[in-house]
There are 2 protein chains.
Amino acid sequence: MGEYQLDVVLSAVADPTRRAILDRLLVGDARVTDLASAFPISLNSTSKHIKVLERAELVRREVRGRDHVLSLRGEALGEAVAWMEQYRAFWEDRLAALEAFVLSDPVGDVPDDEDPADGGGAR
Amino acid sequence: MGEYQLDVVLSAVADPTRRAILDRLLVGDARVTDLASAFPISLNSTSKHIKVLERAELVRREVRGRDHVLSLRGEALGEAVAWMEQYRAFWEDRLAALEAFVLSDPVGDVPDDEDPADGGGAR
DNA sequence: CTGATATTCACCCATGCGGGTGAATATACG
DNA sequence: CGTATATTCACCCGCATGGGTGAATATCAG
């Protein structure tokens, strides 16, 4: 839910191997061994990565006899994206805004020195 | 760009303190000291976190004399979100899709065959 | 120049993490 | 039953990381 889960999810996805695992699962479900053989890491290491992804609720495990079938489960990513959306204004509309005032301000009164908001003030 | 930057960005954002710093910058620019005093960590530690955020291109530093003013710079988050969007189908439209075929298939001929993507199956 | 403020640099320390190996444990198969 | 396969458990190792302290390094103010 809150902060903690975001920690778990983001740090889980921060690892390239784990992202690769997720990418692989995007194609279809797979067993631990399948995943292990798809990457240059040991079966054991793969097992650990999976556990991390499981804790982050990014994969679901279905035990079928001796096989553990992993499948994708992206809700957690949805939450992560939701958090990032807060910052959307800082990557989207950014160029648009710049372009906008540049075009609409032939005088050249460019506020290149951003307003320091509240930041500077104190002390 | 590719994989590497995603590593840097995601691991940068995976830390709660760094996310808090970003949240703080959402309100307005701030100096290193301002950020440090806003959290229970030392000035030094704050400086390090900022450097990490800088490497991830999540904050911009403008040196004004002895003050370093930090400001938000979310493009990188945009890329991260772009990566996550790949998995959108696994959290969004999930219920919608389920509901959809349930409603549009009164016969009950559900494609429950071996659709691996589902995984949810019975249990 | 001298002192105060803002940041960083250079270390130190504990912990966590990715990866590896070898031994359990569970399930399938003959 | 016994053997092979699938996963995990228990450790071990190297390294990065978060956090801390104290000493540089800049810049501002007298």
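Within every chain, numbering begins at 1; the chains are lettered A, B, ... in the order of the sequence lines, protein sequences first and strands thereafter.
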Exercise for review: For the residue pair V13(A) and R19(A), establish whether any side-chain heavy-atom pair is separated by less than 4.5 Å.
Suggested key: yes
Point to revise | Nearest-nucleotide 5' precedence on DNA chain C, G65(A) against S11(A) | key: S11(A)
Review point. Rounded to whole angstrom units, what separation is found between the CZ atom of F39(B) and the P atom of dG20(D)?
Key: 13 Å
Exercise for review: Take atom CG of D7(A) and atom C1' of dG16(C), then tell me their distance rounded to the nearest Å.
Suggested key: 14 Å
Point to revise | Presence of salt bridge, R64(B) and E62(B), under 4.0 angstrom | key: yes
Review point. CG of D34(A) versus P of dA6(D): gap in Å, rounded?
Key: 9 Å
**Study point:** Short side-chain N/O contact from S42(A) to OP1 or OP2 of dG20(C), under 4.0 Å
**Key:** yes
Exercise for review: Identify whether the distance between the nearest side-chain nitrogen and carboxylate oxygen of D34(A) and R24(A) falls below 4.0 Å.
Suggested key: no
Check your understanding: Is the distance from OP1 or OP2 of dT17(D) to the nearest side-chain N or O of H49(B) less than 4.0 Å?
Key -> no
Exercise for review: Whole angstrom is fine here: how far is it from CG in L70(B) over to P in dA6(C)?
Suggested key: 14 Å
Exercise for review: Return yes if the base of dG18(D) and the side-chain atoms of K48(B) contain a donor-acceptor N/O pair under 3.5 Å, otherwise no.
Suggested key: no
Check your understanding: Just by modelled atom types, is the L70(A) backbone N or O under 3.5 Å from a matching donor or acceptor in the R61(A) side chain?
Key -> no
Check your understanding: Rounded to whole angstrom units, what separation is found between the CZ atom of R61(B) and the P atom of dA6(C)?
Key -> 15 Å
**Study point:** Atom pair distance, as rounded to whole Å: CG in L35(A) and C1' in dG19(C)
**Key:** 17 Å
**Study point:** dG18(C) OP1/OP2 closer than 4.0 Å to side-chain N/O of R18(A)
**Key:** yes
Exercise for review: Write down the distance between CD1 (I41(B)) and P (dG20(D)), rounded to a whole number of angstrom.
Suggested key: 7 Å
Review point. Between dC9(C) and K51(B), is there an OP1 or OP2 to side-chain N/O distance shorter than 4.0 Å?
Key: yes
Review point. If each of D15(B) and E54(A) is mapped to the nucleotide of DNA chain D with the nearest heavy atom, which maps nearer the 5' terminus, i.e. the 5' end?
Key: E54(A)
Check your understanding: Reckon H68(A) has a side-chain N or O less than 4.0 Å from the OP1 or OP2 of dT8(D)?
Key -> yes
Point to revise | E54(B) and K51(B) ion-paired at < 4.0 Å | key: no
Revision key, fill the gap. L43(B) CG to dA23(D) P, in whole Å, measures 16 Å
Practice item. Please determine, for the side chain of T33(B), which listed nucleotide (dA6(C), dG19(C), dT7(D)) has the closest atom? Key: dA6(C)
Check your understanding: Got a donor-acceptor pair under 3.5 Å from the side chain of N44(A) to the base of dG22(C)?
Key -> yes
Point to revise | dG18(C) OP1/OP2 closer than 4.0 Å to side-chain N/O of S45(A) | key: no
Check your understanding: Between the base of dT7(C) and the side chain of R66(B), is there a donor-acceptor distance below 3.5 Å?
Key -> no
